[in-house]
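These notes concern the structure reproduced below.
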Amino acid sequence: MGNTLHLAASRVQIIAAENTWLEGKAIQQLETTAQLPDMVSVVGLPDLHPGRGYPVGAAFFSHSRFYPALIGNDIGCGMALWRTDLTLNKWSLDKLEKRLGSIDNPLQAEELPDDIPEHFCYSPGTIGGGNHFAELQQLDEIYQPEMLETWQLSKQQLLLLVHSGSRGLGQVILEQHVREHGHNGLIASSPEAQSYLQQHQQALDYACFNRQLIAERMLKRWRAHGSCLFDVSHNLLTPYTIGNVDGWLHRKGATPSDQGAVIIPGSRGDYSYLVQPLASDRSLFSLAHGAGRKWMRGECKARLTGRYNAEQLSRTAFGSRVICLDKQLIFQEAPEAYKPIGGVMDAMLQAGLVKLIARLKPVLTYKTRGNKE
DNA sequence: ATGTAC
């Protein structure tokens with residue numbers, strides 16, 4: 001191949017600004033992943049951070065073989081943004097919080113449509129743990145008013161953002177895969193690959209359906225109505241042709257830039273940005289999926305415990321509220337544990353990957369009502 | 001990340 005040298009030089013790309021801070025371990029993981037057999041190129045996005053062996057906030061392009069372990073257990077995890085008819089004039093924060101109650105218990109069979117696939121049964125209607133959340137947001141700054149007209153969105157209307165995935169289903173799929181194939185990946189033409197792709201699709205479908213269940217469940221508690229503006233996954237595998245290579249695009253915490261408008265959320269105490277992606281092969285058609293962790297989960301409590309208690313962490317600088325009765329989790333998910341979203345956006349703007357549509361700020365975040373020490 | 005493994 002005539003362009004081997006060029007390929008070798010550009011096998012690992014990182015989208016970053018001068019002030020983007022990236023953990024060394026994450027870059028190391030990115031470089032290690034780039035060495036996997038049949039890997040063509042990898043891109044670290046500005047929210048790149050270490051994961052279990054492989055980094056999060058990255059896209060990986062391979063040919064003839066793909067790696068389910070790169071997608072991880074939460075196949076189909078993503079963001080759904082809903083327009084609602086809720087306004088802060090109609091409902092106080094107190095009332096919204098009270099009326100929402102708990103959505104920690106899975107919906108029962110009788111609360112679900114009866115024509116759904118059998119595997120849509122893993123804790124339906126629940127958001128799960130970790131960085132998952134459901135959040136009411138309010139428009140704060142508008143850069144492209146015409147986009148909001150297209151969505152028939154006024155400044156008073158609250159938006160509902162749901163970040164969740166395929167719950168136990170993706171976990172079962174990955175576990176079975178790793179048991180049988182370890183981390184060697186699958187030859188794309190093999191029957192095993194076809195089988196994984198079929199299960200992967202089921203997980204994508206379930207994750208999307210689950211986000212809809214969550215949104216509808218919340219709106220019902222508020223006696224409100226809404227409609228989904230978009231639903232985009234950031235953990236998925238897609239067949240793709242890039243630079244004349246027919247291969248496989250793995251996105252792990254990487255938001256697609258080829259599916260229309262998307263949202264890049266900050267931490268629960270930071271802004272979120274609605275953006276119009278400008279698709280680019282330089283970023284493997286991907287964007288950051290959020291702010292990216294700054295601190296490891298295990299160290300958050302010790303780092304913050306002298307400054308805040310759990311109660312204080314349930315209120316943010318925006319005056320928004322975070323419903324999270326799990327004491328460990330609220331420290332792990334504190335705004336300080338994440339990078340500021342501004343820097344992530346700067347890196348993507350400088351790289352010409354996005355055009356801003358609007359800035360949103362949090363109003364009420366749901367994590368869990370499960371009371372845990 | 002996970003109807004969590006010990």
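Proteins get letters first, then strands, A, B, ... in listed order; numbering begins at 1 in each.
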Can you name the residues that form a side-chain hydrogen bond (donor to acceptor under 3.5 Å, both in side chains) with [X], not counting sequence neighbours?
X: A:R321; value: A:D94, A:E97
X: A:T365; value: A:E135
X: A:T241; value: A:D246

Sugar-phosphate, base or nothing in reach of A:G72, heavy atoms under 4.0 Å: nothing
Sugar-phosphate only, base, or nothing, as touched by A:G51 at under 4.0 Å among non-hydrogen atoms: nothing
Restricting to ring-ring contact (aromatic ring centres under 6.0 Å, His included), what partner residues turn up for [X], sequence neighbours left out?
X: A:F133; answer: A:H163
X: A:H250; answer: none
X: A:W248; answer: A:F66

Check the interface with nucleotides 4-6 of chain B: list each N/O to N/O pair with the protein under 3.5 Å, or write none.
none

Nearest-angstrom distance from the residue atom CD1 of A:I75 to P of B:dT2: 12 Å
Members of residues 163-176 of chain A that approach DNA chain B, where some heavy atom sits under 4.0 Å away: A:R167, A:G168, A:Q171
Aromatic ring proximity A:Y271/A:F318, centre distance under 6.0 Å: yes
Pairs flagged by side-chain hydrogen bond (donor to acceptor under 3.5 Å, both in side chains) wherever residues 23-35 of chain A is involved - sequence neighbours left out: none
